[in-house]
Amino acid sequence: AATAGSSPQAHRCCGGIGILIMTKTIRALAALLVVQILIGAYVYWPRATAETGGLLFAGRTDTAITRLVIQDDKAQKLTLEDKGGTWVLPDAGDFPADAAKITPLIENIKKLKTGRLITQTAASHRQLQVAEDKFTRRLDIQWQDGSRSLVFIGSSSGAGATHFRLDPQAEVYLSAELTSYGITPQASNFIDTSYVTIPAETVTAIVLENAAGKLEFEKAGDAWTLKGMGADEVFNSSAFTSVLTQATGVRMSAPLGKEVKPEYALAQPKAILLITASKDSMLQEYTLRIGAKLGDDYAMSFSGSPYSVRVSSYSALNFTDKTRADFITPPVTPTPAAAP
């Protein structure tokens, strides 16, 4: 019922005005939201037309980069250095690096452009992961003339768009040349990971010694046997082939260097392999040692290389955990006859 002094028509009129005002407010807020979205898209969306920007390192296209330190957000570092025209890992006894894997990265660093500007304020550095204390990758670059540059690689903003910043400048740009997943401080990305390469067909004998004892494998013609087998035992050739393949084709996770440090425990190894192979009608002997566990890897040395290396646990356990029983085929248990 209408209150005193008012009419139903007046209430309907007031209600209609209220609804009209509310509708206009909602429309205004919606329009404002659309404008904000468009502004955000304009600021953060990679724009192909902005690719015309100048080079970040203008004037250095003919200046060589002689040292590069890559660091990730977990403080893992990798140093690459050009020594006399040869790229090496100086922290691993100047282990040779693969220039063919480093050159594309160097070229992409020099191709960085300043056309796709995202922000000029330091307040956004952490959000974009290009801050000194929050970044995805940190590139410490040393040039041939001795000067240095520090570049932070940050978060991705879509396909072909990664944030980067040249320190101490505040400007943040987008790049399609570099990505964090393409620059990892892992030695395996920049070296030849082959460590032991012995043609398996040239091997004539292997002696494996670990905590379980000593196993001597001999080759007679094309067949392998385990020394000391009983007349009723059957050699598991498949299990041995796996060991032979692993022993003659070891790949490293990373080089450790030429210095054999006590923590590698290579003087008291968990396993030793003595490999005899025929080369040019002469017998050659190689020694492989598996030492201490280093994180997820194991230390390893090889008499055919001056470097000690890290190998995966999978590779190491193929030698440290083997026992005689692994190379003997279990006897077949006869099926009991059915009861009459």
Side-chain angles (χ1 to χ4, degrees), residues 92 95-98 100-101 187-230 233-256 258 260 264 266 269-294 296-330:
F95 188 90
D98 189 344
K101 297 179 179 180
S188 57
N189 291 334
F190 300 99
I191 64 172
D192 179 359
T193 58
S194 298
Y195 185 51
V196 179
T197 53
I198 303 172
E201 65 274 11
T202 67
V203 178
T204 59
I206 289 181
V207 178
L208 169 60
E209 188 171 2
N210 57 26
K214 180 187 288 188
L215 301 171
E216 300 181 56
F217 302 95
E218 301 173 322
K219 188 177 184 182
D222 293 331
W224 283 91
T225 59
L226 174 62
K227 189 175 180 180
M229 287 180 56
E233 292 182 317
V234 178
F235 182 58
N236 188 336
S237 58
S238 176
F240 172 76
T241 299
S242 175
V243 169
L244 176 64
T245 301
Q246 288 289 325
T248 56
V250 179
R251 288 191 172 273
M252 71 181 84
S253 302
L256 290 168
K258 294 181 179 180
V260 181
Y264 302 161
L266 291 168
K270 295 181 181 296
I272 299 178
L273 276 87
L274 301 177
I275 304 170
T276 303
S278 176
K279 184 177 181 181
D280 299 329
S281 301
M282 296 183 63
L283 292 180
Q284 290 189 326
E285 291 188 347
Y286 303 95
T287 303
L288 203 62
R289 293 171 177 265
I290 296 88
K293 198 171 190 300
L294 304 174
D296 294 331
D297 297 327
Y298 281 80
M300 178 182 282
S301 67
F302 174 53
S303 59
S305 171
Y307 292 93
S308 298
V309 304
R310 302 171 69 112
V311 297
S312 69
S313 294
Y314 171 78
S315 295
L317 295 178
N318 267 301
F319 309 127
T320 61
D321 288 2
K322 292 299 182 184
T323 67
R324 188 178 186 278
D326 292 318
F327 302 98
I328 304 298
T329 300

In this structure, NZ of Lys258 is separated from CZ of Phe95 (nearest 0.5 Å) by 10.5 Å
(message) Is there a side-chain contact between Gln246 and Ser315 in this structure, where contact means two heavy atoms from C-beta onward sitting under 4.5 Å apart?
(response) yes
message: Atom CD of residue position Glu218 - does it have more than 12 heavy atoms of other residues, nucleotides or ligands inside 6.0 Å?
response: yes
Worksheet entry | Side-chain donor or acceptor of Thr202 paired with backbone N/O of Pro199 under 3.5 Å | yes
Heavy-atom closest pair (Met252 atom, Ser194 atom, distance to 0.1 Å) is CE-O, 3.8 Å
* Asked: Is Asn189 close to Lys101 at the side-chain level, that is, under 4.5 Å between some pair of heavy atoms?
  -> no
Rounded to the nearest 0.5 Å, the OG atom of Ser242 sits from the NZ atom of Lys322 at a distance of 5.5 Å
So CE of Met300 and OH of Tyr195: to nearest 0.5 Å the spacing works out to 7.5 Å
Worksheet item: Hey, is the main chain of Phe302 close enough, under 3.5 Å, to the side chain of Tyr307 for a donor-acceptor pair?
Response: no
Open item on the list: Is a donor from one side chain sitting under 3.5 angstrom from an acceptor on the other, for Thr193 and Arg251?
Closed with: yes
- request: Please tell me if the side chains of Ser308 and Leu266 come closer than 4.5 Å, counting only heavy atoms from C-beta onward.
  value: yes
Q. Should the pair Phe235 and Phe240 be assigned to parallel (<30°), tilted (30 to 60°) or perpendicular (>60°) ring geometry?
A. tilted
* To do: Could you tell me whether the side chain of Phe319 reaches within less than 4.5 Å of the side chain of Leu208, counting heavy atoms only?
  => yes
ask   = If we only count heavy atoms from C-beta on, is the Leu288 to Val196 side-chain gap below 4.5 Å?
value = yes
| Quick one: are Thr225 and Phe217 in side-chain contact, heavy atoms under 4.5 Å? | no
The side chain to side chain contact (heavy atoms under 4.5 Å, CB included) partners of Ala239 (sequence neighbours excluded) come to Asn236, Phe327
Crowded around Lys214 NZ? As in, over 12 foreign heavy atoms under 6.0 Å? no
Scanning both residues in full, the closest heavy-atom pair of Asp296 with Ser313 reads O-OG, 2.5 Å
One should read off an interatomic distance between Arg289 CZ and Leu273 CG, to the nearest 0.5 angstrom, of 11.0 Å
Trp224 versus Leu244: any side-chain heavy-atom pair under 4.5 Å?
-> yes
A side-chain contact here means heavy atoms from C-beta on lying under 4.5 Å apart; do Val203 and Thr276 qualify?
no
